[in-house]
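Here is the structure we will look at, set down as structure tokens.
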Amino acid sequence: MKNLLLATTFLVAITTNGFAKETLFSAPSRTDFTISGKHEFNYQAWSDDAANTGGANDTKMTNTSTIMIKAKTKLDNGMTMGATLLDLENGEHDKDAISLYIKGGFGKIVFGGNSAGDSYSIDGLVAGDSYFGTADEEYAGGEEIGVSNEQNGIGWHWGNDTISAGIGFVDAGTSSNDDTISYGAEAKLGFATIQGAYETDDTEDTMSVGAVFKIADAKITVAQNSYKDDAGTYDYTGNSIGVETDISKNLSVAAHYGKAEDDKDAGFDFTQKAVTFTQTIAKGLETHVTWTDYEENQTGGAVNDETGTSWNFGVTAKF
């Protein structure tokens, strides 16, 4: 027993000593690390007029887990440095989320992470967890700006608590000239926040404009998102409005209506309606149910059309 006590005391001593000192590879002493996680279960059922292939049975059950690690520290010169070190979903590393930022009197420089356009774009489709059956819709009318391989980008943001703006560049790599340049701005004016973003690359132009209004306990989002290709084969414009509010202390509701059209296709028309109820059971644990109804019409007849309704039930645990 005496030998075990001596060994334990020795182990505690060297462990404490090792962590008490900063080494060459340790973080600055004022660094704050944040570790968060989430697991979500979803059961989805739908009915549509698309052909079921590959044994589809109009139901889908999924489990997804996410782990995120962030760090933030104050430098000796007064600047702030932060980073997203890990964003792991179902064992897959989301490289687009990895980023480092340095913030000071010059503004904020971001290496990697969301592009500048992505940071200021707005989405009016606020009711989530929709599923569209056996065939995906062509354009839902509320997509935000976004580009792949954002870890290869850099952005600069400046402004204050009222007005801010940013510009960014994402490199497509040595095998492509499809680099992306994006711009964005945001203005907070009392109960309203106005946002706008534009993104362009070698093949496509994307734009997002809209506003968020906070009135009493309600949050209202209006947005117009559009994109077109340089070849002139499509030119989509989607308009959407979403409303979010609390019904009671632990129950909230979100609903939206979206409509999209393609100026290059006179027969294309898309509409979507959705409602989500979210019930908080306890801190970190909630359930939700979503109803979605959508209809897509395309030139070429009913063979290309799709109409459907889906239901989604989910449980989310946050750690």
Side-chain angles (χ1 to χ4, degrees), residues 35-69 84 86-98 123-144 146 148 221 238 240 242-248 250-258 260 270-298 302-319:
I35 302 176
S36 60
K38 181 179 75 171
H39 184 92
E40 183 168 297
F41 164 82
N42 278 296
Y43 176 84
Q44 299 157 329
W46 72 90
S47 61
D48 57 33
D49 54 5
N52 289 336
T53 58
N57 63 357
D58 290 348
T59 63
K60 183 178 182 180
M61 193 179 298
T62 59
N63 282 280
T64 57
S65 292
T66 303
I67 299 174
M68 183 175 291
I69 301 177
T84 298
L86 179 69
D87 190 345
L88 199 66
E89 182 172 336
N90 290 338
E92 295 291 331
H93 193 40
D94 184 3
K95 294 184 294 184
D96 280 3
I98 303 308
D123 188 351
L125 305 184
V126 300
D129 300 301
S130 300
Y131 191 71
F132 298 99
T134 55
D136 290 333
E137 81 289 0
E138 187 170 354
Y139 180 64
E143 287 86 346
E144 296 178 89
S148 60
T221 304
S240 55
V243 180
E244 302 164 84
T245 189
D246 292 331
I247 298 177
S248 64
N250 296 318
L251 180 62
S252 62
V253 62
H256 71 247
Y257 175 81
F270 183 89
T271 59
Q272 182 189 106
K273 296 168 285 187
V275 180
T276 296
F277 289 92
T278 302
Q279 174 73 45
T280 300
I281 300 173
K283 185 177 181 180
L285 180 63
E286 61 186 32
T287 62
H288 62 262
V289 60
T290 296
W291 167 83
T292 304
D293 183 80
Y294 65 97
E295 180 177 359
E296 178 185 322
N297 298 311
Q298 297 187 50
V303 67
N304 296 319
D305 297 343
E306 183 181 356
T307 300
T309 301
S310 69
W311 287 91
N312 175 289
F313 169 77
V315 178
T316 304
K318 301 177 182 178
F319 304 95

Nearest-0.5 Å distance, [atom1] of residue [X] to [atom2] of residue [Y]:
X      : Y      : atom1 : atom2 : answer
Thr66  : His39  : OG1   : NE2   : 9.5 Å
His256 : Gln272 : NE2   : CD    : 3.5 Å
Asn42  : Thr62  : CG    : OG1   : 4.5 Å
Asn312 : Tyr43  : CG    : OH    : 10.5 Å
Phe319 : Leu285 : CZ    : CG    : 8.5 Å
Thr316 : Ile281 : OG1   : CD1   : 10.0 Å

Work out which heavy atom in [X] is nearest to a heavy atom in [Y]; give both atom names and the distance.
X      : Y      : value
Thr221 : Gly124 : CG2-CA, 4.0 Å
Gly242 : Val126 : CA-CG2, 3.8 Å
Gly258 : Leu125 : CA-CD2, 4.2 Å
Ala274 : Thr292 : CB-OG1, 3.8 Å

* To do: Give me the ring orientation class for Phe313 and Phe41: parallel if the planes are under 30° apart, tilted from 30 to 60°, perpendicular past 60°.
  => perpendicular

* Structure fact -> Here the salt bridge (charged side-chain N to carboxylate O under 4.0 Å, His left out) pairs for residues 309-319, sequence neighbours left out, are none

* To do: Sort out for me which residue in Thr276, Thr280, Val315 forms a side chain to side chain contact (heavy atoms under 4.5 Å, CB included) with His288.
  =>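 Going through the options one by one, the only one that passes is Thr276.
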
* To do: Not counting sequence neighbours, which residues clear salt bridge (charged side-chain N to carboxylate O under 4.0 Å, His left out) with Lys273? List them please.
  =>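 So Lys273 forms a salt bridge (charged side-chain N to carboxylate O under 4.0 Å, His left out) with Asp293.
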
* Do Val253 and Thr245 have side chains that get closer than 4.5 Å, going by heavy atoms? ->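 Heavy-atom side-chain distance check passes, below 4.5 Å.
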
* Asked: Under the side chain to side chain contact (heavy atoms under 4.5 Å, CB included) criterion, do Phe277 and Thr287 qualify, and how do the steps go?
  -> CA-CA 8 Å; Phe277 289 92; Thr287 62; over 6 Å; no

